[in-house]
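First up is the structure itself, then whatever we jot down about it.
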Amino acid sequence: MFHHLEKSITEAFAALLEARYGVAIAWGTEQPKQAAFGELAVPAAFQLARTLKKPPRAIAQEIVDGLGAVPGVAALEIAGNGYINVRFDRGSYGEAVLRGDGDASRSSGGKLIVEHTNINPNKAAHIGHLRNAVLGDTFVRMLRFTGNQVEVQNYIDNTGVQVADVVVGFRFLEKKSPAQVRELIAGTRFDYVCWDLYAKVSQHYANSEEAKQWRARTLHAIEANEGELAELGHLVADAIVRCHLNTMWRLGIAYDVLPRESEILHMQFWAKAFEQLKERGAIYLETEGKNQGCWVMAATAFKEQSEEGDSKVIVRSNGTVTYVGKDIAYQLWKFGLLGKDFRYRRLQQEPYELWVASGEGEEKAFGRGSRVYNVIDSRQSYLQDVVVAGLRALHYEEQAKNSIHFSYEMVALSPRACADLGIELSEEDKRKAYVEVSGRKGLGVKADDLLDKLIEKAYEEVQSRNGDQPEDRNRAVAEQIAVAALRYFMLKFTRNTVIAFDLQEALSFTGETGPYLQYAAVRASKILAKLADRGGAMPDFAALLPREAFARQLGDEELWQLLLEASKMESAVERAVGSGEPSHVARFAFQLGQAFNTFYQKYPVLDEPDAERRAFLLWMTAYFRSQLERTLRVLGIQAPEYM
RNA sequence: GCGCCCGUAGCUCAGUUGGAUAGAGCGUCUGGCUACGAACCAGAAGGUCGCAUGUUCGAGUCAUGCCGGGCGCACCA
């Protein structure tokens, strides 16, 4: 509701400023520093003071006089040096919230594509991957909440070096046949087995020339899709993808489609992109220097300052394409610009509808987005710049502008967390503020381990408070709490903050955490449940609470502030979409939880003797619960029935 | 060397695109369960917003320069 009224007030101001001063820009509104100043502050007079050469206060007075009555506004006050503070008409505001004004989400233009997760399918997912997936999934939920059509893609690099490394481990170090690997897949935590094997292989490379040849051979076999090595590659990648999908689904994370590197390769996506790039002069064949014989893109395309002859290799001198080249082809496909498409087959084992790219199968309308968000960590910003430059060099200016690198900083481990996890650190690492996770060194926290640990801890808590409930029910609640704790922890930091992962902090259920939010929602539900227990029915709020009743009840300053906070949910999500910051939704959710807990503490709803007040407090409770649950849903957190 | 990011309370972090008296969680200290469940609430202590210039009515926020830290800058992905 808040954003609804805010918008109409902003428009009223803008119309007046336009008519009176010929200023076309709609000055934004702000939150007053103190709640006592009112609900909105308009600083327009400050900006106008410069051009009009008049004191801001005098201008503010002119604006207020000229504006007259604005619907929904009780008073306009001039404060400080020239702020115009707006006070809402509380009665009509309450009535409008009850009616549900402004709750409907608007829909916008074309389809948005969000690509996230993108984990190499060669080992278990770790906390770094979790940040990517949770950020991406939450952003998707935010976009959908604000009425956008969104397609979620999870790109699978099933033919890359990392998969090859694990195949090398199975085939050459452990001498395993495809049949034996199949047994491992069926009988073990296969992603965990590969986690260890990958670290072992990486170590082996350091002192073995022979191993490096194994790698080259394996990579070639996988790319050509021939022989036992290629078979092993498929086995490993497909099995690990399934593990990743399971891990992510535990957190409520789902995808629409899995484009795969193998199809990009075998369906000649690159060849098509290569034609375009050559044709339009986006890349050229280098004839001299260190990159002689390579097709390169000039650095001037993607760098502000670049040295003479500086360039990025797209096609190697041996004719093979680099990762960036493939990524350009893939990005073109996402916008429907490639002139080629995948076929798809449905993955039957998944609990939701999911399609995977395939050489043959059904045609589907995936891709063809109007805007593309790539959730990729900030270390790859250079490569993302090159991809965008590729589009620009092909004269796809519009699509280049709509290619958004949704970047985030890495998750590292605090030295204390390493100690907690029994990870040995070098003297150098111990002195650092944090230590980078490394799959090659096997250094990190597996996503499922962390989740299991959280569930175990949550279960103890739930069990101690709800010993009378059936065990499986408590178990389900514990899982919801663990997911909330984990997701909230990943979301509470802004994207460009390096998270120094601390196990003890991540395991905490008190303070600014997911469970805190769930607890507020549970408390709200409990009041309403208790009402039913005592034989009371939910009143007809519309009949009991006319505008005058709202005006009376909301005369209580504290209750007014609480209602105001709850009604800001929609505008909080919209602002967060605008700034591209899921953490803003998380932060709002926490404030909302705090507001409800204050309400809960101060106003005993069911014991309220006055009939109108009781109805009002009950309505507030129901409204709070609804807003809390809606916000949690955007964060991908469930509200348990009890906890 | 070049590019990007960061430096705010003891610790971990916010700060709504330049606005009014810089906030939260954790930790510390004090108080609150005869319950709509205390995974909570109320309160206290805690700040030279890295340093220095500048821009203007106004700077944690913008510019420049330093200091300190991180990450990139492959014919790897």
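Being a predicted model, the structure only gives us computed values, none of them experimental. First the proteins, then the strands, lettered A, B, ... as listed; each starts at 1.
Residue pairs that meet the ring-ring contact (aromatic ring centres under 6.0 Å, His included) test with at least one member in residues 475-513 of chain A, sequence neighbours left out, are A/F489-A/F493, A/F489-A/F501. Listed by first then second residue, pairs satisfying salt bridge (charged side-chain N to carboxylate O under 4.0 Å, His left out) with a partner in residues 154-168 of chain A read A/D165-A/R215, A/D165-A/R440, not counting sequence neighbours.
As judged by a 4.0 angstrom heavy-atom cut-off over every strand, A/D377 is placed among residues making no nucleic acid contact. Contacts of A/I481 with the nucleic acid, taken as non-hydrogen atoms under 4.0 Å apart, include base atoms. Residue contacts shown for A/V462 include a base, since a base heavy atom lies under 4.0 Å away. A/L528 comes within contact range of no nucleotide atom at all, as no heavy-atom separation falls under 4.0 Å. Using a 4.0 Å heavy-atom cutoff across all strands shown, A/Y603 reaches at least one base atom of the nucleic acid. Using a 4.0 Å heavy-atom criterion, one finds that A/T320 contacts no nucleic acid atom at all.
Whole-Å rounding puts the A/N318 CG to B/A74 C1' distance at 14 Å. At whole-Å resolution of the value, CG in A/L507 and C1' in B/A39 are 14 Å apart. Rounded to whole Å, atom C1' of B/G37 lies 13 Å from atom CD of A/Q469. Atom pair A/F599:CZ and B/C36:P shows a separation of 14 Å (rounding to whole Å applied).
By the ring-ring contact (aromatic ring centres under 6.0 Å, His included) test, A/F406 is found to be paired with A/F139, residues two or more places apart in sequence or in another chain being considered. In this structure A/Y603 satisfies the ring-ring contact (aromatic ring centres under 6.0 Å, His included) test together with A/F599, sequence neighbours excluded. By the side chain to side chain donor-acceptor pair (under 3.5 Å) test, A/Q31 is found to be paired with A/K568, residues two or more places apart in sequence or in another chain being considered. By the salt bridge (charged side-chain N to carboxylate O under 4.0 Å, His left out) test, A/K602 is found to be paired with A/E558, residues two or more places apart in sequence or in another chain being considered. Evaluation of the side chain to side chain donor-acceptor pair (under 3.5 Å) rule for A/K492 yields no partner, not counting sequence neighbours. Applying the ring-ring contact (aromatic ring centres under 6.0 Å, His included) criterion to A/Y519, with sequence neighbours excluded, gives no partner residue.
The base of B/U16 does not come close enough to the side chain of A/E30 for any donor and acceptor atom to sit less than 3.5 Å apart. Put simply, the side chain of A/R587 and the base of B/A24 share no donor and acceptor less than 3.5 Å apart.
When distances are taken from the side chain of A/R575 to each of B/C40, B/U16, B/C36, the shortest belongs to B/U16.
Comment: A/E263 engages A/R260 in a salt bridge, judged by a side-chain N to carboxylate O separation of less than 4.0 angstrom.
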Protein N or O to nucleotides 68-70 of chain B N or O, pairs below 3.5 Å:
unit_1	atom_1	unit_2	atom_2	d
B/G70	O2'	A/Y434	OH	3.4

Expected rows: protein N/O vs nucleotides 57-63 of chain B N/O, under 3.5 Å:
unit_1	atom_1	unit_2	atom_2	d
B/C57	N4	A/R50	NH2	3.2

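A/Y330 has no side-chain polar atom (N or O) that falls below the 4.0 Å cut-off from OP1 or OP2 of B/A77. One finds no side-chain N or O of A/H405 lying less than 4.0 angstrom from the OP1 or OP2 phosphate oxygen of B/C4. Within the structure, a side-chain polar atom (N or O) of A/R523 is placed less than 4.0 Å from OP1 or OP2 of B/A38. Considering only side-chain N and O atoms, A/N291 lies under 4.0 angstrom from the phosphate OP1 or OP2 of B/C75. Using a 4.0 Å cut-off, no side-chain N or O of A/Y323 falls inside it from OP1 or OP2 of B/A77. Contact annotation: A/N496 side-chain N/O to B/C6 OP1/OP2 distance is under 4.0 Å.
Put simply, A/F37 rests on the base of B/A20: the two rings are less than 5.5 Å apart at their centres and nearly parallel, under 30°.
Side-chain contact check for A/Q463 and A/N466: no donor-acceptor pair (N or O, by modelled atom type) lies under 3.5 Å.
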Can you build the contact string for nucleotides 25-33 of chain B? Use B for base contact, S for sugar-phosphate-only contact, and - for no protein heavy atom under 4.0 Å.
SS-----B-

Identify all side-chain donor-acceptor contacts of residues 526-535 of chain A below 3.5 Å with residues at least two apart in sequence or on another chain.
none

